[in-house]
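What you see is a predicted model; the values in this text were computed from it and never measured. Indexing begins at 1, ligand by ligand and atom by atom, following the structure's order.
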Amino acid sequence: MEKLYADHRRNFGDFEAIDFVDEKEIAALRAKLDVAVPIDLQWTWDYSSQVEELRNLYEKGKQGQWNAETDVDWSQPFPLDEWFMPRQGALLLPSLLTMMGADEATCKEAALDEFAHLLSQLLHGEQAALQLCGQLTNACPTMDAKFYAGSQVIDEVRHVEVISKFIDRKIGRFYPIDPTLKVLLDKLLEAPTWKVKTLGMQTLFEGMAVGIFDTIAKGTSNPLLKDIVRRVQIDESRHAAFGILSMRQVVADSSPEEMIEMEDFAFNILETLNANQQLDMLRAIGPKYGLDPDTVVQMMLALPEWPALNSEIFMHTVVPNLTRLGLITERTEEQYRKIGVLHGAKYDIAVARVH
Ligand SMILES: [Fe+2]
Ligand SMILES: [Fe+2]
């Protein structure tokens, strides 16, 4: 499988990054609202439950519903001039600016900007989750999966609702979609079969979401933000569980060729996500704070602890889940290590695999 966006790649030492610099091209990517999506719709006449665990998850999903308007206490403040995340360690820009001796007000402003950018990207991701999950209600062949995907659609609607309201009511700053993320989300939405759609959405996408939301929930000191993120995170863990349950079946039913297709698809998506190294964010915000995107990326890549830092979000959920499903194998493990997505001897690939 060919790497995504081969013509946007350039090397920082031996790291191959994806970089979008042409404003016109970025604008064109954002303006591309139509995506041709192949869907093989499947009827089923079997209304009984095939996979009890999946029906249980659907029951849990129904019980776990919450109302983004009335269950969240929106009267709680999110003061824009207070730290809501630690000054160092959680967000890139305030950490760097603090190291460079910038004053506190500048660091706070940069933290808010970077967080607004991150939340905006999460919001665009939630919209993609909503669209893709809708596809799954059509494409999945079993009634269990249709039930669950249907219940997940309303979860994703709620996530779009709650994050856009938080941005609108509390932050007041919103960023358009990053070009790399747009390419990637289009790729997930365009995935050709329900198996690859399920892998893309439920394992890769949800796995990343669980890692990111957990990091924010643990890091933030603001009660409103913590409450919202925790609520979303509980839903996302259920979605990731759906991914594992349905992917276990997919893996069991797949031919060796299909397995290779899914392994490569998973690698390509995560490789693309990782290859950007926040360059899109740095190009959007860095210059405002005197930070040159290239210099920042070079500096990060040169840190001895870079593989540990870089892999943290991937190692949270998505890499362990892929490994358990047998979708990171001896064939691809080294590639994951080389790009800093898989790191350390947390588990043995051969032992962790589920057959
Ligand atoms: Fe979501
Ligand atoms: Fe989700």
Side-chain angles (χ1 to χ4, degrees), residues 53-54 56-69 71-72 115 118-140 144-168 174 177-178 181-182 184-189 191 194 196-217 220 225-247 250 266 269-270 273 313-314 316-318 320-322 325:
E53 286 165 294
L54 248 177
N56 293 342
L57 201 62
Y58 166 71
E59 286 300 327
K60 252 195 205 164
K62 280 193 290 183
Q63 284 156 15
Q65 294 298 307
W66 48 281
N67 184 324
E69 188 54 50
D71 287 333
V72 172
F115 191 65
L118 173 65
L119 267 190
S120 302
Q121 304 314 309
L122 287 167
L123 174 60
H124 303 309
E126 293 293 352
Q127 185 187 163
L130 162 63
Q131 318 241 44
L132 208 148
C133 209
Q135 297 180 19
L136 288 181
T137 62
N138 283 242
C140 284
D144 289 314
K146 288 183 193 293
F147 266 44
Y148 191 78
S151 79
Q152 190 179 326
V153 168
I154 186 64
D155 291 351
E156 305 300 2
V157 170
R158 187 168 54 240
H159 299 168
V160 172
E161 179 191 352
V162 80
I163 296 175
S164 62
K165 281 181 172 166
F166 184 79
I167 290 174
D168 191 39
F174 170 76
I177 192 163
D178 282 344
L181 183 63
K182 177 64 165 60
L184 208 56
L185 293 178
D186 279 352
K187 201 80 200 159
L188 290 180
L189 290 161
W194 73 268
V196 183
K197 285 186 194 298
T198 306
L199 168 64
M201 176 67 223
Q202 301 301 138
T203 310
L204 303 180
F205 205 91
E206 296 293 346
M208 288 304 291
V210 170
I212 295 169
F213 285 121
D214 193 35
T215 307
I216 300 174
T220 188
L225 179 61
K226 201 185 267 289
D227 178 44
I228 289 175
V229 174
R230 284 248 180 264
R231 287 173 182 277
V232 173
Q233 198 195 347
I234 292 170
D235 293 346
E236 302 300 6
S237 332
R238 218 166 42 229
H239 304 167
F242 172 47
I244 287 290
L245 285 176
S246 46
M247 281 309 296
V250 168
I269 295 293
L270 295 183
L273 196 60
I313 208 87
F314 297 97
H316 186 285
T317 300
V318 72
N321 282 355
L322 283 172
L325 287 165

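Exactly one residue among F242, Y148, F147 makes a ring pair (Phe, Tyr, Trp, His ring centres under 6.0 Å) with Y58. That residue is F147.
No side-chain donor from either of Q63 and E59 sits under 3.5 Å from a side-chain acceptor of the other.
In terms of modelled atom types and a separation under 3.5 Å, the side chain of E161 and the main chain of A68 share no donor-acceptor contact. The main-chain N or O of L189 is found under 3.5 Å from a side-chain atom of K197 such that the two form a donor-acceptor pair.
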Please assess H159 against F213 for the test ring pair (Phe, Tyr, Trp, His ring centres under 6.0 Å), listing each intermediate value before the final yes or no. CA-CA 12 Å; H159 299 168; F213 285 121; 7.1 Å; no

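Between D227 and R231, at least one side-chain nitrogen of the basic residue sits less than 4.0 Å from a carboxylate oxygen of the acidic one, meeting the salt-bridge criterion.
At a cut-off of 2.8 Å, measuring from the Fe ion (ligand 2), the protein N, O or S atoms that fall short of it are E156 OE2, E206 OE1, E206 OE2, E236 OE1, H239 ND1, waters left aside.
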